[in-house]
Enquirer: 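Quick one: structure below, then a few questions.
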Amino acid sequence: MTTPLVEMDGDEMTRVIWRMIKEILIEPFVDLKTEYYDLGLKNRDATDDEVTVMAAEAAKRLGVAVKCATITPNAQRVEEYGLKKMWKSPNGTIRRIMDGTVFRTPIIVRGITPYVAGWSKPISIARHAYGDIYNAVEYSVNEGESAYLVVCKDGLEIKRKLIHSFDCPGIIQGMHNTENSIRAFARSCFNYALSEKLSVWFGAKDTISKIYDHRFKDIFAEIYQSEYASLFEEAGIYYMYTLIDDVAARIMRSDGGVLWVCKNYDGDVMSDLVATAFGSLGMMSSVLVSPDGKFEYEAAHGTVTRHYYAHLKGEETSTNSVATIWAWTGALKKRGELDGIEELSAFADRLERAALKTIESGYMTGDLIPLFKFEGVKPVKLTTLEFLKKIAENI
């Protein structure tokens with residue numbers, strides 16, 4: 001390696017696995033160079049979350065980052081860790097700074113059949129990574145109070161609209177997006193679709209959200225027609241907008257092989273649905289791509305808290321590490337591609353093939369065993385460490 005990866009460490013069981021992957025699967029084979037940032041919850045609290053901002057800025061500077069799963073604290077976590085405050089999602093912070101789009105795709109393994117019988121090809125999810133509820137402002141309202149949406153310019157109020165007058169206590173939420181971010185989102189999706197030869201299905205709810213969602217619809221249509229329509233036609237793919245509920249119904253009836261474009265929250269939910277329907281949240285690749293071609297690879301699941309508590313008691317766990325391995329291989333492949341180091345990209349491909357071969361040979365973590373059906377192969381449950389060592393053998 002010549003240019004470092006931005007390495008963002010995380011929390012709980014995924015933090016344990018992170019170290020194992022480096023020690024067993026990467027460092028024996030790669031002259032690994034990273035610029036390290038500890039995004040563990042305790043360090044985020046100690047630095048007033050500045051470490052997250054620094055990591056995101058480093059990703060913009062160096063071009064490729066790899067991130068471990070992290071805790072987004074709720075009230076229980078604030079008490080458990082003795083936090084100064086309920087810090088926002090580090091993923092949300094990084095996505096806001098990089099202004100990127102998250103692309104998630106199931107990792108297909110022979111022997112693990114999707115729950116939806118017709119899905120013969122992977123379904124990729126494109127998730128807008130800015131705004132909506134992840135950057136929303138919220139407030140608890142008392143009985144007798146009224147809430148307004150107020151727009152100002154240069155300190156002067158220019159528009160006021162009543163949200164609701166409350167005859168009992170209630171709650172309000174204000175969220176936003178920007179046209180620049182939506183345009184970057186559209187171009188990222190269309191570029192990704194062309195690179196992967198995937199038709200694009202975009203769903204929102206413009207019939208209800210006649211300004212907010214409708215603006216997404218209009219911007220996508222404008223950019224597609226002016227910049228991408230002929231390119232899509234040449235590639236033999238197409239772009240379609242319809243309502244989010246219609247896309248969900250169409251996806252269930254499809255054979256897969258499309259890019260499902262979602263707004264921020266929709267993508268959060270639907271990527272988990274697609275991952276689980278294809279087999280497991282532990283079998284999903286995820287990459288954040290910024291409009292100027294910066295990349296942050298991560299696992300698409302949480303920190304596996306239950307396994308971490310068992311690990312702390314000295315118990316053996318059987319935790320699926322595939323998505324975290326794919327975060328590393330994605331970052332190494334991209335670093336090799338950008339720096340012209342073919343051997344680095346080739347190693348990452350080899351590591352992925354070794355991981356798939358391990359599972360297809362019947363050696364896997366416990367979460368995959370109920371899903372695995374491969375004629376003539378009896379699945380064997382391995383511990384977290386045994387699984388990684390088995391992959392190392394297969395490299």
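This one's a predicted model, so the numbers in the text were calculated from it and none came from an experiment.
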Enquirer: Please tell me whether Y212 and D132 have a donor and an acceptor in their side chains that are separated by less than 3.5 angstrom.
Expert: yes
Enquirer: Is the backbone of L149 close enough, under 3.5 Å, to the side chain of K161 for a donor and an acceptor to pair up by distance?
Expert: no
Enquirer: Compare all side-chain heavy atoms of D31 with those of K33 and state whether any distance is below 4.5 angstrom.
Expert: yes
Enquirer: Just jot down the side chain to side chain contact (heavy atoms under 4.5 Å, CB included) partners of E138, sequence neighbours excluded, or say none.
Expert: Q173
Enquirer: Does some side-chain heavy atom of N264 sit less than 4.5 Å from a side-chain heavy atom of R127?
Expert: yes
Enquirer: Between K357 and E360, is a salt bridge (Lys or Arg N to Asp or Glu O under 4.0 Å) present by the stated rule, with each step listed?
Expert: CA-CA 5 Å; K357 178 183 176 182; E360 291 167 358; over 6 Å; no
Enquirer: If you measure from CD on E222 to CD1 on I182, what distance do you get to the nearest 0.5 Å?
Expert: 11.0 Å
Enquirer: Main chain of Q76, side chain of N74: is a donor-acceptor contact present, judged purely on distance under 3.5 Å?
Expert: yes
Enquirer: Applying a strict under-4.5 Å side-chain criterion to I, L, V, M, F, W and Y, I'd like to know whether I211 and I158 cluster together.
Expert: no
Enquirer: Measuring from D268:CG to L273:CG, what's the distance to the nearest 0.5 Å?
Expert: 12.0 Å
Enquirer: Determine whether S140 and I171 satisfy the following criterion, side chain to side chain contact (heavy atoms under 4.5 Å, CB included), listing intermediate values before the conclusion.
Expert: CA-CA 5 Å; S140 293; I171 47 178; 4.2 Å; yes
Enquirer: Under a single-linkage rule joining Ile, Leu, Val, Met, Phe, Trp and Tyr whose side-chain heavy atoms are separated by less than 4.5 Å, which residues share a cluster with V53?
Expert: I97
Enquirer: Is the F232 to Y238 ring centre distance short of 6.0 Å?
Expert: no
Enquirer: Count I, L, V, M, F, W, Y as connected when their side-chain heavy atoms are under 4.5 Å apart, and connections chain through other members. Are Y148 and M175 then in the same cluster?
Expert: no
Enquirer: Give the other cluster members for L288, using side-chain heavy-atom distances under 4.5 Å between Ile, Leu, Val, Met, Phe, Trp and Tyr residues; answer none if it is isolated.
Expert: V6, M8, Y37, L39, V51, M54, L62, I94, M98, V102
Enquirer: Give me each pair satisfying salt bridge (charged side-chain N to carboxylate O under 4.0 Å, His left out) with a member in residues 281-307, each pair once, sequence neighbours excluded.
Expert: R95-E298, R104-E298
Enquirer: Could K389 and E386 be called an ion pair, given the rule that one side-chain N must be under 4.0 Å from one carboxylate O?
Expert: no
Enquirer: Distance-only, no hydrogens or angles: does the W201 side chain make a donor-acceptor pair with backbone N or O of T242 under 3.5 Å?
Expert: no
Enquirer: Between F29 and L5, is there a shared hydrophobic cluster once you connect ILVMFWY residues whose side-chain heavy atoms come closer than 4.5 Å?
Expert: yes
Enquirer: Do N177 and K263 have side chains that get closer than 4.5 Å, going by heavy atoms?
Expert: no
Enquirer: Check this for me, if you would: do E337 and K334 make a salt bridge, where the nitrogen-to-carboxylate-oxygen distance has to be below 4.0 angstrom?
Expert: yes
Enquirer: Rounded to the nearest 0.5 Å, what's the gap from CD1 on I24 to NZ on K390? Could you check?
Expert: 14.0 Å
Enquirer: Closest heavy-atom contact between L382 and S318?
Expert: O-OG, 2.6 Å
Enquirer: Report the residues that fulfil side chain to side chain contact (heavy atoms under 4.5 Å, CB included) with H176, sequence neighbours left out, ordered by chain and then residue number.
Expert: Y130, N135, T178
Enquirer: Do the non-hydrogen side-chain atoms of T3 and R335 ever get within less than 4.5 Å of each other?
Expert: yes
Enquirer: Go through I395 and L25 one step at a time and tell me if the side chain to side chain contact (heavy atoms under 4.5 Å, CB included) criterion holds.
Expert: CA-CA 9 Å; I395 293 176; L25 298 181; 4.1 Å; yes
Enquirer: Salt bridge (Lys or Arg N to Asp or Glu O under 4.0 Å) with E143: which residues, sequence neighbours excluded?
Expert: none
Enquirer: Other hydrophobic cluster members with L83, side-chain heavy atoms of Ile/Leu/Val/Met/Phe/Trp/Tyr under 4.5 Å, chained?
Expert: L41, I71, V78, Y81, M86, W87
Enquirer: Taking atom types as modelled, find out whether Y241 and D206 have a side-chain donor-acceptor pair closer than 3.5 angstrom.
Expert: yes
Enquirer: Taking all heavy atoms of A59 and all of A65, pick out the closest pair and write down the distance.
Expert: CB-CB, 3.8 Å
Enquirer: Give a yes or no answer on whether the side chain of S285 reaches the backbone of T105 with a donor-acceptor pair at less than 3.5 Å.
Expert: yes
Enquirer: Look at the aromatic rings of H128 and F185 and report parallel, tilted or perpendicular, splitting at 30° and 60°.
Expert: parallel
Enquirer: Describe, in one word, how the ring planes of Y134 and Y265 are oriented to each other, choosing from parallel (under 30°), tilted (30 to 60°) and perpendicular (over 60°).
Expert: tilted
Enquirer: If only side-chain N and O atoms count, and only distance matters, is there a donor-acceptor pair under 3.5 Å linking R77 with T305?
Expert: yes
Enquirer: Assess the residue pair I359 and F387 against the criterion (side chain to side chain contact (heavy atoms under 4.5 Å, CB included)); give the C-alpha distance rounded to whole Å, side-chain angles, the decisive distance to 0.1 Å, and a yes or no.
Expert: CA-CA 9 Å; I359 297 170; F387 180 62; 4.0 Å; yes
Enquirer: Show me the pairs that pass ring pair (Phe, Tyr, Trp, His ring centres under 6.0 Å) and involve residues 292-318, at least two apart or across chains.
Expert: none
Enquirer: Which heavy atom of F278 sits nearest to which heavy atom of P106, and what is that distance?
Expert: CD1-CG, 3.3 Å
Enquirer: Please enumerate all residues that pass ring pair (Phe, Tyr, Trp, His ring centres under 6.0 Å) together with W260, with sequence neighbours excluded.
Expert: none
Enquirer: Would you sort out whether V258 and R250 count as a side chain to side chain contact (heavy atoms under 4.5 Å, CB included), showing the intermediate values?
Expert: CA-CA 11 Å; V258 298; R250 287 171 181 261; over 6 Å; no
Enquirer: Between K88 and D49, is there a salt bridge with N-O shorter than 4.0 Å?
Expert: no
Enquirer: Decide yes or no on side chain to side chain donor-acceptor pair (under 3.5 Å) for D367 and T365, but give the supporting numbers first.
Expert: CA-CA 6 Å; D367 61 310; T365 49; 2.7 Å; yes
Enquirer: According to a hydrophobic-cluster definition based on side-chain heavy atoms being under 4.5 Å apart (Ile, Leu, Val, Met, Phe, Trp, Tyr only), do V269 and I208 belong together?
Expert: no
Enquirer: Is the backbone N or O of T319 less than 3.5 Å from a side-chain atom of T384, with the two atoms forming a donor-acceptor pair by type?
Expert: yes
Enquirer: Would a distance-only check, ignoring hydrogens and angles, find a side-chain to backbone donor-acceptor pair under 3.5 Å from N43 to D38?
Expert: yes
Enquirer: List in chain and number order the residues that pass ring pair (Phe, Tyr, Trp, His ring centres under 6.0 Å) with W328, two or more places apart in sequence or in another chain; answer none if no residue qualifies.
Expert: W18
Enquirer: Would you mind listing every side-chain hydrogen bond (donor to acceptor under 3.5 Å, both in side chains) that reaches into residues 188-199, with sequence neighbours excluded?
Expert: N191-Y228
Enquirer: Who passes salt bridge (Lys or Arg N to Asp or Glu O under 4.0 Å) against E57, sequence neighbours left out?
Expert: none
Enquirer: Using a 3.5 Å distance criterion without hydrogens, assess whether the side chain of S209 forms a donor-acceptor pair with backbone atoms of K205.
Expert: no
Enquirer: Would you say the side-chain atoms of S361 pair up with the backbone N or O of Y363, donor to acceptor, closer than 3.5 Å?
Expert: no
Enquirer: Just verifying a value: how many Å separate D218 CG and I223 CD1, rounded to the nearest 0.5 Å?
Expert: 11.0 Å
Enquirer: Does D45 use its side chain to pair, donor to acceptor, with the backbone of K84 at less than 3.5 Å?
Expert: yes
Enquirer: Does a donor on one side chain sit under 3.5 Å from an acceptor on the other, for T303 and D11?
Expert: no
Enquirer: Are Y115 and V109 grouped together when hydrophobic residues (ILVMFWY) are joined by side-chain heavy atoms under 4.5 angstrom apart?
Expert: yes
Enquirer: With a 4.0 Å cut-off on N to O distance, would you call D255 and K121 a salt bridge?
Expert: yes
Enquirer: Got a donor-acceptor contact below 3.5 angstrom from the S290 side chain to the G100 backbone?
Expert: no
